[in-house]
Engineer: 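Got a structure here, written out as structure tokens. Questions coming.
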Amino acid sequence: MSEIRVAVAGAGGRMGRTLVQAVHETQGLCVGAATELAGSGLIGVDAGELAGIGQVGAPIRPDLDEVLADFDVLIDFTTPKATMHHLELCRDAGCRMVVGTTGLTPDQRETITEACIDIAMVVAPNMSIGVNLSLKLLELTAQIMGPEADIEIIEAHHRHKVDAPSGTALRMGEVIAEALGRDLAEVAVYGREGHTGPRDSQTIGFETIRAGDIVGEHSVWFVTEGERIEIAHKASNRMNFARGATRAALWISERERGLFDMQDVLGLRQRQ
Ligand code: NAP
């Protein structure tokens with residue numbers, strides 16, 4: 001069977017470099033193309049050299065439209081603006097996508113859903129296998145303890161992260177809210193300050209920490225009278241996200257169209 005050719009968008013970024021290495025190391029995948037923002041000083045540099053693994057034969061290009069014939073699946077961990085541009089190109093060319101970009105607006109998510117009438121995509125704010133297993137545990141905990149519990153989501157990331165709360169924290173909130181039949185938009189409380197009054201038992205709280213080089217930590221507390229459950233996940237390096245993304249690339253290469261997430265990729269959706 002021939003290898004699936006993967007394009008890595010934002011190949012000069014923190015995740016991009018890790019993704020190039022992960023794709024190169026994954027059996028059945030190869031790096032077919034790599035891109036960076038036009039005007040970047042990295043244009044023309046081999047993506048493998050940049051990732052510290054030696055040449056992989058994919059010089060970094062300034063736009064995806066130049067390399068549409070060179071890949072089967074795009075892995076995109078860039079910015080919402082870049083991802084939406086790539087979506088348009090991939091939809092026209094019939095290429096599959098694995099999107100890890102966070103900070104997508106509801107309108108942008110709607111556009112993605114609509115594009116999946118034509119192409120197959122995996123979109124997940126956190127591709128880590130451990131985090132996705134945690135989502136399943138959160139669903140179960142919310143069903144059993146949630147109605148009586150005060151629920152708080154605490155997340156910490158490195159100082160460069162530009163969106164808050166993290167896409168993962170929001171996804172955790174959505175999973176819990178769904179399990180409890182609540183609407184996250186109505187019950188979410190972001191940070192607290194001043195005279196807040198007593199806690200409304202229906203709310204789901206979010207606390208954000210930004211500091212140093214923390215890769216990504218999430219902890220969800222379910223607190224009732226007399227006991228507390230904490231479901232926590234700590235990422236110690238970026239390779240855990242990249243390995244999830246390569247697993248998603250292999251999985252999506254066998255699908256024609258539709259929008260999926262890591263619960264689908266890991267077969268967790270149908271488990272009760
Ligand atoms: P980063 O280091 O800033 O990387 C983003 C890269 O994309 C940069 O090199 C940037 O170039 C490049 N880029 C911007 N516009 C582009 C375009 N039009 N075409 C090609 N490349 C473009 O950030 P990061 O830490 O790697 O994170 C990237 C995204 O992934 C963020 O949204 C982050 O939250 C998300 N993320 C998701 C997961 C997950 O598991 N789903 C895990 C980690 C991170 P310039 O620097 O020149 O602007």
Side-chain angles (χ1 to χ4, degrees), residues 100 102-104 106 109 123-241 243-244 247 261-272:
T102 62
L104 296 164
R109 284 159 62 155
V123 181
N126 193 314
M127 300 253 167
S128 141
I129 291 162
V131 160
N132 284 284
L133 178 57
S134 302
L135 290 177
K136 199 70 196 170
L137 298 175
L138 288 171
E139 187 185 1
L140 182 65
T141 312
Q143 282 162 357
I144 293 170
M145 279 188 78
E148 293 84 40
D150 290 334
I151 303 165
E152 295 285 319
I153 302 173
I154 303 140
E155 60 102 343
H157 282 85
H158 52 87
R159 62 164 74 100
H160 306 289
K161 187 162 175 63
V162 294
D163 51 319
S166 72
T168 305
L170 289 170
R171 184 70 200 123
M172 288 175 158
E174 280 169 5
V175 166
I176 295 165
E178 251 167 58
L180 291 169
R182 297 178 197 163
D183 179 355
L184 187 65
E186 281 172 18
V187 299
V189 174
Y190 300 102
R192 292 186 181 87
E193 196 191 18
H195 183 77
T196 60
R199 193 182 192 289
D200 175 344
S201 65
Q202 292 294 295
T203 55
I204 297 174
F206 288 84
E207 298 297 334
T208 296
I209 296 162
R210 293 286 174 267
D213 61 352
I214 299 170
V215 175
E217 303 189 1
H218 295 85
S219 179
V220 184
W221 293 13
F222 294 81
V223 189
T224 60
E225 288 286 326
E227 64 180 340
R228 171 165 106 208
I229 292 233
E230 289 180 29
I231 294 176
H233 177 270
K234 294 183 171 71
S236 48
N237 68 47
R238 291 185 173 79
M239 192 49 91
N240 82 103
F241 306 123
R243 295 264 183 250
R247 194 153 157 174
D261 63 17
M262 286 303 284
Q263 300 287 301
D264 299 303
V265 174
L266 300 176
L268 289 170
R269 192 166 305 287
Q270 58 274 33
R271 277 177 212 269
Q272 282 307 318

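The chain is numbered in sequence order, starting from 1. Scope of the values below: all heavy atoms of this structure, side chains included, with no hydrogens, waters or symmetry mates.
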Engineer: Does any N or O in the side chain of Glu155 come within less than 3.5 Å of the main-chain N or O of Gly216, such that one atom is a donor and the other an acceptor?
Structural biologist: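 Here the side-chain-to-backbone pair does not exist.
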
Engineer: Within a radius of less than 6.0 Å around CG of Asp213, do more than 12 heavy atoms belonging to other residues, nucleotides or ligands occur?
Structural biologist: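 No - once you tally the heavy atoms of other residues, nucleotides and ligands closer than 6.0 Å, there are 12 at most.
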
Engineer: Going by the rule side chain to side chain donor-acceptor pair (under 3.5 Å), which residues pair with Arg243 if we only count those two or more places apart in sequence or in a different chain?
Structural biologist: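 Expected list: Glu25.
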
Engineer: Quick check: closest heavy atoms across Phe206 and Ala169, and the distance to 0.1 Å?
Structural biologist: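 Closest pair (atom of Phe206, atom of Ala169, distance): CE2-O, 3.3 Å.
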
Engineer: To the closest 0.5 Å, what do you measure between CG (Leu138) and CD1 (Ile153)?
Structural biologist: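 Between Leu138 CG and Ile153 CD1, I get 7.5 Å after rounding to 0.5 Å.
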
Engineer: side-chain contact (heavy atoms from CB on, under 4.5 Å) with Leu180: which residues, sequence neighbours excluded?
Structural biologist: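 With sequence neighbours excluded, Leu180 shows a side-chain contact (heavy atoms from CB on, under 4.5 Å) to Ala142, Pro147, Ile151, Ile176, Arg182, given in chain and number order.
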
Engineer: Testing the basics here: between Asn240 and Asn237, what is the closest heavy-atom pair and its distance to 0.1 Å?
Structural biologist: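 Smallest heavy-atom distance, with atoms named: ND2-O, 2.6 Å.
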
Engineer: Within the side chain of Asn126, is there an N or O that forms a donor-acceptor pair under 3.5 Å with the backbone of Phe241?
Structural biologist: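 Not confirmed, Asn126 side chain does not pair with Phe241 backbone.
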
Engineer: Look up atom CD1 in Ile231 and atom CG in Leu140, then write down how far apart they are to the nearest 0.5 Å.
Structural biologist: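 Interatomic distance, Ile231 CD1 to Leu140 CG, rounded to 0.5 Å: 8.0 Å.
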
Engineer: According to the salt bridge (Lys or Arg N to Asp or Glu O under 4.0 Å) rule, which pairs have a member within residues 161-181, sequence neighbours left out?
Structural biologist: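 Sorted pair list: Arg109-Glu174, Lys161-Asp163, Arg171-Glu174.
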
Engineer: Looking only at non-hydrogen atoms, find the nearest pair between Lys136 and Gln263 and report the distance.
Structural biologist: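 The pair with the smallest heavy-atom distance is CD-OE1, 3.9 Å.
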
Engineer: Tell me, which pairs form a salt bridge (Lys or Arg N to Asp or Glu O under 4.0 Å) where one or both residues lie in residues 192-209, sequence neighbours left out?
Structural biologist: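 Salt bridge (Lys or Arg N to Asp or Glu O under 4.0 Å) check on residues 192-209 returns Asp150-Arg199, Glu152-Arg192, Glu152-Arg199, Arg192-Glu207.
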
Engineer: Looking only at atom types and distance, does a side-chain atom of Thr203 sit under 3.5 Å from a main-chain N or O of Gly205, one as donor and one as acceptor?
Structural biologist: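 Judged by distance alone, no pair lies under 3.5 Å.
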
Engineer: Hey, what do you get for CD (Glu217) to OG (Ser166), rounding to the nearest 0.5 Å?
Structural biologist: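 Going from the CD atom of Glu217 to the OG atom of Ser166 covers 11.5 Å.
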
Engineer: For the backbone of Asp261 and the side chain of Asp264, can you confirm whether one donor and one acceptor N or O come within less than 3.5 Å of each other?
Structural biologist: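 Present.
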
Engineer: Is there a side-chain contact (heavy atoms from CB on, under 4.5 Å) between Ile129 and Arg247? Walk through the geometry before answering.
Structural biologist: CA-CA 10 Å; Ile129 291 162; Arg247 194 153 157 174; 3.5 Å; yes

Engineer: CD/Glu139 to CG/Leu135 distance, rounded to the nearest 0.5 angstrom?
Structural biologist: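 Interatomic distance, Glu139 CD to Leu135 CG, rounded to 0.5 Å: 9.0 Å.
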
Engineer: Hey, could you give me each pair passing ring pair (Phe, Tyr, Trp, His ring centres under 6.0 Å) that has a residue in residues 215-236? Not counting sequence neighbours.
Structural biologist: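 Residue pairs with at least one partner in residues 215-236: His157-His218.
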
Engineer: What is the distance from atom CE of Met145 to atom CZ of Arg228, rounded to the nearest 0.5 Å?
Structural biologist: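 Reported to 0.5 Å precision, the distance equals 11.0 Å.
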
Engineer: Indicate the atoms forming the closest heavy-atom contact of Ala156 with Arg210, along with that distance.
Structural biologist: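 Scanning both residues completely, I find the closest heavy atoms to be C-NH1, 4.2 Å.
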
Engineer: Side chains of residues 183-191: which donor-acceptor pairs under 3.5 Å do they make with residues two or more places apart or in other chains?
Structural biologist:
| unit_1 | atom_1 | unit_2 | atom_2 | d |
| --- | --- | --- | --- | --- |
| Asp183 | OD1 | Ala185 | N | 3.1 |

